[in-house]
Amino acid sequence: MSDDPLPRVFAAEPIRTQVRAAVARAWRDAIESGALPPIPGDTPVPEVDVERPSDPAHGDFASNLAMRLARPYRMAPAVIAEALATQLERAAAEPTTSTPVATAEVAAPGFLNMRLGDAALETTVAAVLDDPAGWGRVEARGARTVNVEFVSANPTGPLHVGNARGAFIGDLLSRVLEAGGQRVTREYYFNDSGGQIRNLGATVAALRRGDPIPEDGYKGTYVDELADSLPDDVWSTATAPGADTDGLIGKWAAGRVRLGIEASLEGLGVHFDVWTSEARLHDEGWVTRAVERLREHGHVYDQDGAVWFRSTAFGDDKDRVILRSNGEPTYFAADIGYVTEKFSRGFDHLIYIWGVDHHGTVARLRNAAGAMGYDREAVQILLYAWVHVIRDGGQVSMSKRRGDFVTLDEFLGEVGPDAARWFFASRAVTTEIDFDIEIFKKQTNENPVYYVQYAHARIASILRKAAEAGLAPAGDVTGALLGAPEAALARAIVRFPEVVEDAVASEETLGLTAYATDLATTFHGFYRDARVVDQDAPARSASRLALASAARITLANTLALLGISAPDSM
RNA sequence: GCGCCUGUAGCUCAGUGGAUAGAGCGUUGGGUUCCGGACCCAAAGGUCGCAGGUUCGAGUCCUGUCGGGCGCGCCA
């Protein structure tokens, strides 16, 4: 490995990308040098990829390329791996070649195990310190303007814990996409015109009159509060002769509930850029025009007085009504109108975050988008599984109509937004999860979020201590990897952009929480083994402070990506 | 009945076709004259629901099967 610092540009891409390129180059070099034959033109060429081995004894990166080449080459994997390893080490010994790989060895049955050189680690750590804000932003691949629509709960009652999951998933995904270089609009769609709103209005009106709640009406203390706070002028207008009482009261109540929903979401740290009213979509003709558009494309027909979308042409079980025989559009009609409205705003990708109960409508919406001439692939729906809230050993219901549910606000009062975010961020969206409020409260000090925040606070404290002692982090980290504790910490730090890349690609955040926990653990080990603040060894202190500082930045950026605070003390 | 999701340690959950299946909590046993003990180290704990198949290699892919969840409206 060369002693010369690697060019600055080298650190701009994740080390994994650099290693991948090094392996691909080694393969080309092996062919050019005659160590490996050229690959026959008619055989599929395997993709060069590298992975982080689970066992650290296998090095920093491993590649299975040799095993994948065994078949096309009709050669033993170990022989191929040996040829690749030879080229990798030759490149490492070449002073003019910049490669992150210092050593490469072959392990049965044909793994290529590689170890990073100190220079690559140092260059990356230096890049962290140079540009803390940019650390963890990854190169935009196919940069897009994305609309992420989530929560979108009807304004017929307060948000409950189930809505919290959708809220966090949408916000977390938005943050991850932004880190991946995409422009994201967070959007909330609220239904302020349907039958459920009239139903809410009927409930509130009945309560106001002192009548019993209608059979399908809403229950819960919040409807009593709505009835109590209904202004007299709204009431008199709504009950004037010929007035649509349920509709007018429902509209008022929905507006009122929406304000509460916004406040609840603010409590989660979730902010929406755009609130779209379903009534507005209808008023502005989006729904009508979407139906016309389908008709122009020949995907619509009239039968039994209704207008149908020929969804069977796209593999659906049956065709679907879009305009009812009474002339009213269905919910599905509003959905397709909304698709056209969203695309008209210039988004090239639409993401919907829905609960699993909507999975039946996923294909239908995408098909309708395709039928209107949009790219079906540009409409993506992410389904999340249910949350079972457990309290006192029993499952808590989440039925709004029964009025018997844990509201989001109650929930947040008990667990706090950071802990709640961590909980949802660390679980795959498709996993049904049990949330035992009692256990969560009881184990609050053992929760991994506090473990990570503690590591951050601990580093901040060390940096303060160092400043008091007149010690500063080294400006030049060359040679900072003095021993095993330093090397282990640097290795953990440089992994961050890969974790972000994986999060962007998988549209999941659990890799980020796992990484944060791992980095915190690595730092605690570093802290145990390497005294950082030591006035008797200022140069060594400076090196270790630089690493500690890079670790703090990385933890802070990981937490920021999750929307979780990174306290300097706790 | 058809379709989608799901089944991994006592509990809650990870695990992009790779090497000895992991983490946190819980349990047991250790650790600090020193930068934050909300910490660290170690141990115990698994027929990856079950049965076949695909291949150099399967928790991962395919088929079947059993259990759990959800969906199959001119509701939203």
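The structure presented is a predicted model; accordingly, all values stated were derived computationally and were not measured. In the text below, chain A, chain B and the rest are named by the order of the sequence lines, each starting its count at 1.
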Sugar-phosphate only, base, or nothing, as touched by A:Asp319 at under 4.0 Å among non-hydrogen atoms: nothing
Sugar-phosphate, base or nothing in reach of A:Val356, heavy atoms under 4.0 Å: sugar-phosphate
Pairwise [atom1] distance, [M] and [N] [rounded to whole Å]:
| N | M | atom1 | result |
| --- | --- | --- | --- |
| B:C40 | B:G36 | C1' | 14 Å |
| B:C13 | B:G69 | P | 16 Å |
| B:G53 | B:A58 | C1' | 11 Å |
| B:C72 | B:A14 | P | 26 Å |
| B:G59 | B:U54 | P | 16 Å |
| B:C41 | B:C48 | P | 29 Å |
| B:G73 | B:U12 | P | 34 Å |
| B:G1 | B:G64 | P | 14 Å |

Watson-Crick or G-U wobble partner for [N], using a 3.5 Å limit on both distances?
| N | value |
| --- | --- |
| B:G7 | B:C66 |
| B:G1 | B:C72 |
| B:A38 | none |
| B:C48 | none |
| B:U12 | B:A23 |

Rounded distance (Å) that lies between atom [atom2] of [N] and atom [atom1] of [X]:
| X | N | atom1 | atom2 | answer |
| --- | --- | --- | --- | --- |
| A:Met75 | B:C56 | CE | P | 17 Å |
| A:Ile381 | B:C4 | CD1 | C1' | 13 Å |
| A:Arg364 | B:C74 | CZ | C1' | 13 Å |
| A:Met67 | B:U55 | CE | P | 17 Å |
| A:Met114 | B:A19 | CE | C1' | 14 Å |
| A:Leu382 | B:C4 | CG | C1' | 14 Å |
| A:Phe526 | B:C34 | CZ | P | 19 Å |
| A:Arg366 | B:C4 | CZ | C1' | 14 Å |

Exam field: side chain [X] to backbone [Y], donor-acceptor pair closer than 3.5 Å:
| X | Y | value |
| --- | --- | --- |
| A:Asp319 | A:Ser311 | yes |
| A:Arg421 | A:Leu562 | yes |
| A:Asn154 | A:Gln196 | no |
| A:Asn191 | A:Ser193 | yes |

Of the options [options], whose atoms approach the side-chain atoms of [X] most closely?
| X | options | answer |
| --- | --- | --- |
| A:Lys465 | B:U20, B:A76, B:G36 | B:G36 |
| A:His524 | B:G18, B:U6, B:C40 | B:C40 |
| A:Lys318 | B:A38, B:C72, B:C74 | B:C72 |
| A:Arg324 | B:C75, B:C35, B:C39 | B:C75 |
| A:Asn154 | B:C72, B:G36, B:A76 | B:A76 |
| A:Arg71 | B:C74, B:U55, B:U20 | B:U55 |
| A:Arg320 | B:C40, B:C72, B:A19 | B:C72 |
| A:Val533 | B:G18, B:G71, B:C35 | B:C35 |
| A:Gln196 | B:C72, B:C75, B:U55 | B:C75 |
| A:Ile462 | B:C70, B:G24, B:C35 | B:C35 |

Base-contact (B) and sugar-phosphate-only (S) positions in nucleotides 7-13 of chain B, heavy-atom cut-off under 4.0 Å, - elsewhere: -----SS
A:Gly360 or A:Trp308, whichever maps to the more 5' nucleotide of RNA chain B: A:Gly360
Whichever of A:Leu383 and A:Ala62 has its nearest RNA chain B nucleotide further upstream toward 5': A:Leu383
Stacking of A:Tyr451 on B:A38 base (centres under 5.5 Å, planes under 30°): no
Verify stack between A:His358 ring and B:G71 base, 5.5 Å, 30 degrees: no
Can you confirm if the NZ or CZ of [X] lies within 45° of the ring axis of [Y] and under 6.0 Å from the centre of its six-membered ring?
| X | Y | value |
| --- | --- | --- |
| A:Arg71 | A:Tyr73 | no |
| A:Arg320 | A:Trp308 | no |
| A:Arg52 | A:Phe61 | yes |
| A:Arg495 | A:Tyr515 | no |

Between the side-chain atoms of [X] and the base atoms of [N], is any donor-acceptor pair under 3.5 Å?
| X | N | answer |
| --- | --- | --- |
| A:Asp335 | B:A76 | no |
| A:Ser325 | B:C74 | yes |
| A:Asn64 | B:G18 | yes |

Parallel, tilted or perpendicular: ring planes of A:Phe424 versus A:Phe435, cut at 30 and 60 degrees: parallel
A:Trp354 and A:His358 aromatic ring geometry - parallel, tilted or perpendicular at 30°/60° bounds: tilted
Pairs: protein N or O with nucleotides 1-3 of chain B N or O, under 3.5 Å:
unit_1	atom_1	unit_2	atom_2	d
B:G3	N2	A:His359	NE2	2.7

Centroid-to-centroid, [X] to [Y], below 6.0 Å?
| X | Y | result |
| --- | --- | --- |
| A:Phe314 | A:His299 | yes |
| A:Tyr454 | A:Tyr451 | no |
| A:Tyr338 | A:Tyr189 | yes |

Candidate list A:Leu382, A:Asp335, A:Thr361, A:Leu365, test side-chain contact (heavy atoms from CB on, under 4.5 Å), partner A:Tyr352, passing option: A:Leu365
Short side-chain N/O contact from A:Ser54 to OP1 or OP2 of B:U20, under 4.0 Å: no
